[in-house]
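Working notes, beginning with the structure itself.
Chain identifiers are assigned alphabetically (A, B, ...) following the order of the sequence lines, protein sequences preceding nucleic acid strands; residue numbering begins at 1 within each chain. Quantities reported herein were computed from a predicted structural model and do not represent experimental measurements. Scope of the values below: all heavy atoms of this structure, side chains included, with no hydrogens, waters or symmetry mates.
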2 protein chains.
Amino acid sequence: KEKFSSLSPAEFFKRNAELVGFSNPTKALYQSVRELVENSLDATDIHLILPNIKLSINRIESEQEIYKITIEDNGIGIPQSVIPNAFARVLYSSKYVIRQSRGMYGLGVKAVVLYSQMYQERPIEVISSTIGSKRIYGFKLKIDINKNEPIIYGRYSIENSANWHGTIVTVYILGDWSKSKQRIYEYIKRTHVITPYADFTFLDPEGKITHLPRITNKMPKPPQEVKPHPYGVDIELIKQIIANMRKKGADVKWFLMNEFQGIGEKTAQELLNMSGINEKKKVERLTEEELSKLTEAMKNYAKFRSPSADALSSIGEELIEIGLRSSFNPEFAVAVTRNPEAYQGHPFIVEAGIAYGGNILPVEEPIVLRYANKIPLIYDEKADVVWKVVSELDWKRYGIDTFPAPLVVMTHICSTKIPYKSAGKESIADVEEIEKELKNGLMEAARRLKLYLSEKKKEESARRK
Amino acid sequence: KEKFSSLSPAEFFKRNAELVGFSNPTKALYQSVRELVENSLDATDIHLILPNIKLSINRIESEQEIYKITIEDNGIGIPQSVIPNAFARVLYSSKYVIRQSRGMYGLGVKAVVLYSQMYQERPIEVISSTIGSKRIYGFKLKIDINKNEPIIYGRYSIENSANWHGTIVTVYILGDWSKSKQRIYEYIKRTHVITPYADFTFLDPEGKITHLPRITNKMPKPPQEVKPHPYGVDIELIKQIIANMRKKGADVKWFLMNEFQGIGEKTAQELLNMSGINEKKKVERLTEEELSKLTEAMKNYAKFRSPSADALSSIGEELIEIGLRSSFNPEFAVAVTRNPEAYQGHPFIVEAGIAYGGNILPVEEPIVLRYANKIPLIYDEKADVVWKVVSELDWKRYGIDTFPAPLVVMTHICSTKIPYKSAGKESIADVEEIEKELKNGLMEAARRLKLYLSEKKKEESARRK
Ligand SMILES: Nc1ncnc2c1ncn2[C@@H]1O[C@H](COP(=O)(O)OP(=O)(O)OP(=O)(O)O)[C@@H](O)[C@H]1O
Ligand SMILES: Nc1ncnc2c1ncn2[C@@H]1O[C@H](COP(=O)(O)OP(=O)(O)OP(=O)(O)O)[C@@H](O)[C@H]1O
Ligand SMILES: [Mg+2]
Ligand SMILES: [Mg+2]
């Protein structure tokens with residue numbers, strides 16, 4: 001009587017497109033732009049390439065609001081053998097590794113393609129060439145939603161005579177430019193402010209061209225892939241690491257010392273004693289109960305050093321302060337980059353910035369600019385843990401007696417895993433460790449504001465005498 | 001250099017367990033209880049069975065906080081051939097049909113099993129018998145996370161001599177009872193308040209037994225499965241309906257008149273004229289472009305009647321008011337059930353209740369009790385569209401001059417698709433049509449409060465004379 005059925009991941013995220021940010025045409029146009037831009041930036045700055053990104057949005061139908069979005073980057077490109085899966089297989093990604101990147105789910109561009117297929121019939125077009133490749137490859141693709149597989153509508157290759165590398169993506173989606181416009185411009189500008197080594201060109205549907213030029217050639221140190229940290233383990237993760245090991249027949253002591261960060265010989269022995277496991281036991285022969293004991297030991301062992309911050313790449317105090325000054329022309333600006341911390345085995349860094357006065361108009365509530373892994377977050381502000389922390393701060397203690405006040409607050413959280421509230425990547429869940437660091441970072445910046453405001457008061461009362 | 005890989009849906013939701021409500025052991029214990037209770041209620045009241053639900057949570061390990069959760073219901077049971085998939089295959093469900101139910105994603109109980117496997121090694125146990133079945137079937141299951149398939153650790157069947165029907169689920173998870181306790185009790189009590197035809201027994205880890213007895217035998221009219229509404233279509237949905245059609249070789253006119261609600265002969269012809277499609281054309285032979293034109297025609301045709309409310313099952317004004325009175329002992333209570341509306345082809349009904357004074361203590365902000373498809377929502381209040389509407393209401397206009405005030409507001413949204421912000425089902429996205437109806441429903445209830453408060457004022461000033 002009840003009808004049982006299963007869904008492919010493509011069917012699931014198409015039916016529930018709001019779970020990946022595609023709730024309506026206005027949001028869809030914004031989400032498409034941000035997913036494409038984030039893929040292009042991951043393909044460049046993580047690999048120490050100065051990003052050149054060209055984005056255009058053109059309206060191509062008069063009856064329906066169908067927009068053609070084209071984005072071109074000079075990134076590392078995508079090998080032709082994986083292009084179909086990268087763009088047309090949901091839950092397929094090169095970012096399932098332990099390293100900070102903007103992407104993390106293997107969903108982003110596929111959600112754009114799914115939405116594209118809902119209201120118009122043109123396939124997505126991808127042109128790409130990897131560094132040093134002799135040929136440039138082109139594909140026209142759709143997603144077979146029932147099977148979660150690519151359908152190749154066309155493919156070709158041409159000689160790469162100019163030694164180009166990068167990716168060009170063209171996709172057609174139902175949108176609403178007039179309602180999305182403001183947030184799309186905000187997204188691009190706020191991205192450029194913290195990515196001043198990137199060159200952006202944007203052609204909008206009204207024909208307006210915006211060029212945000214490269215301001216510096218200095219690039220941040222790229223994040224490195226790291227091994228899992230013991231505090232981040234669970235039984236199923238250990239099973240997966242064992243299944244993926246290249247070395248066969250390894251004993252459990254070798255496994256602990258080589259597949260995880262921060263486990264030396266002495267620590268490995270201690271963990272095995274705690275779990276009652278013989279150090280010579282082959283790791284593929286561990287029983288369910290032994291895996292459970294080992295997981296428990298790793299979670300409870302108190303003396304691991306913190307997870308490595310090599311996997312992270314912060315914005316930096318200098319860049320944040322420059323960005324605040326250039327955006328707002330304030331009378332005061334400060335930025336704080338905290339030391340690395342961790343939650344559930346994932347390292348993270350909180351950065352906070354404050355700008356005050358000058359050209360900032362007084363506002364009822366602080367203007368809050370949230371960032372996560374170098375992505376500007378624009379929707380769902382009130383749901384974000386950052387908003388909770390900013391609104392719970394007692395600004396009186398830092399010299400802001402009343403609101404309205406000319407105050408801008410910027411926050412950046414970077415991590416090997418950002419705990420977003422949903423796969424649309426709009427707001428961050430309130431993880432205790434992150435909330436605590438946000439509070440400490442904001443208070444540290446606010447104390448510098450307090451110092452400035454009290455100095456300013458002294459000067460003003462001195463001047464009056 | 002970049003490592004490409006794919007994830008099964010089980011791997012994806014295990015890695016990102018916070019996307020399905022499992023962010024930490026405290027939340028996990030709560031989420032496990034609510035996913036199990038919601039499955040038991042869907043298996044009973046949708047099928048006109050008076051629900052008897054027995055829930056127990058016992059702590060079974062002293063070093064780690066492992067809890068054994070057992071739930072038993074007298075519902076329709078699950079056929080033995082699908083039990084393994086129902087509990088151990090992510091994205092498998094009987095609720096992928098167009099009919100109001102608490103479940104909707106095919107994820108809920110699987111998320112419990114995934115989390116269960118992360119920190120302890122016992123499989124989930126399921127015992128079930130469908131109505132009239134001669135045998136009762138038992139399984140011990142785990143999820144093969146890499147393949148997204150069940151692993152059957154054990155199976156058996158016994159004779160069903162007592163003609164029992166229902167389901168018993170036992171699962172072991174890492175939790176934190178002291179931190180979850182309050183919200184778990186709130187969830188159960190708030191569920192019983194709007195489901196007074198259900199009998200709940202709850203044994204908690206401290207040995208306390210709570211019995212919430214059946215208060216009435218009167219059950220709401222169950223929701224019925226309906227056909228898709230034209231306003232809810234898109235190209236891929238039409239393709240899917242065509243692929244699933246039993247009747248082969250149907251022409252497109254038959255297809256429109258029989259596979260959708262609200263399309264008669266005249267309307268079908270109009271749609272085909274708008275799309276330039278011959279009425280005799282076989283539906284499997286429609287081109288991509290014709291499917292696109294047909295979708296556009298259905299979205300733009302202005303004369304469809306509203307989506308059928310047969311698929312819905314509201315709580316009802318009487319039950320809401322009784323619930324408010326029994327929970328709060330107020331001096332005033334009112335409930336409003338609005339007429340059905342629709343968003344994106346999905347019908348929905350908003351219900352609103354207000355309670356004031358009496359035993360309600362004055363509060364700084366109204367106490368807001370949110371419900372969706374008869375589920376109490378407890379987390380993420382500030383992210384919910386309901387909170388936005390309640391806080392934007394000008395309570396002064398309705399006789400509440402200042403806060404603190406003794407005010408409770410209840411809202412219920414029921415629909416064939418609740419637009420949750422995430423698959424953890426904690427808060428509702430701000431869909432314009434729903435926001436508008438919430439506002440209208442609350443204002444309608446608030447006007448009755450205003451009337452009561454002004455009458456009360458008159459009586460009080462009359463008494464003083
Ligand atoms: N412009 C690009 N240049 C190079 N590689 C790209 C580009 N766009 C996409 N890719 C590749 O395709 C993969 C899939 O992209 P997709 O956006 O679906 O997922 P993701 O970026 O890994 O994660 P998320 O869902 O969080 O965005 C990426 O992991 C990347 O390897
Ligand atoms: N107690 C139960 N009695 C009868 N059927 C059940 C019970 N528990 C689960 N099922 C069946 O197993 C299926 C899967 O349950 P699961 O909780 O994973 O998904 P769902 O309830 O369909 O959706 P959601 O993810 O929103 O909870 C259900 O659709 C239902 O058919
Ligand atoms: Mg991406
Ligand atoms: Mg369920």
Problem - Note: B:K417-A:E18 ion pair, threshold 4.0 Å (strictly below) - result: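 Salt bridge flag = yes for A:E18 with B:K417.
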
Problem - A:E2 side chain vs B:A43 backbone, donor-acceptor pair below 3.5 Å - result: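 Checked: no pair found.
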
Exercise for the section: Decide yes or no for A:E288 and B:Y153: does some side-chain heavy atom of the first lie under 4.5 Å from some side-chain heavy atom of the second? Expected result: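 When only atoms from C-beta onward are counted, B:Y153 and A:E288 do touch, with a gap below 4.5 Å.
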
Problem - Heavy-atom check, side chain of B:Y96 versus side chain of A:L7, under 4.5 Å - result: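 They are in side-chain contact.
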
Problem - Leading residue by heavy atom contact count with chain A [cutoff under 4.5 Å; candidates B:K382, B:Q117, B:R89] - result: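 Greatest number of close heavy-atom pairs with chain A: B:Q117.
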
Problem - Greatest number of heavy atom pairs closer than 4.5 Å to chain A - which of B:K1, B:H47, B:K239 - result: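 Looking at each option in turn, the highest pair count goes to B:H47.
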
Handout entry: Distance-only polar pair, side chains of B:Y119 and A:E236, donor-acceptor under 3.5 Å
Key =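 Looking only at side-chain atoms, A:E236 and B:Y119 do not form any donor-acceptor pair under 3.5 Å.
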
Handout entry: Interface moiety of B:N146 toward chain A, non-hydrogen atoms closer than 4.5 Å
Key =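 Answer is neither: B:N146 stays 4.5 Å or more from chain A.
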
Exercise for the section: Let me know if B:L114 has heavy atoms under 4.5 Å from chain A in its side chain, its backbone, both or neither. Expected result: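 Neither part; nothing is under 4.5 Å.
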
Practice task
Look at the rings of A:Y105 and B:F12 and say which category their plane angle falls in: under 30° parallel, 30 to 60° tilted, over 60° perpendicular.
Solution key: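 Because their plane-to-plane angle is over 60°, the rings of A:Y105 and B:F12 count as perpendicular.
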
Exercise for the section: Please state whether the side chain, the backbone, both or neither of A:A429 comes within less than 4.5 Å of a heavy atom of chain B. Expected result: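 A:A429 has no heavy atom closer than 4.5 Å to chain B.
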
Handout entry: Gap between atom CG of B:D380 and atom OG of A:S427 - 0.5 Å precision
Key =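 Going from OG on A:S427 over to CG on B:D380, the span is 8.0 Å.
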
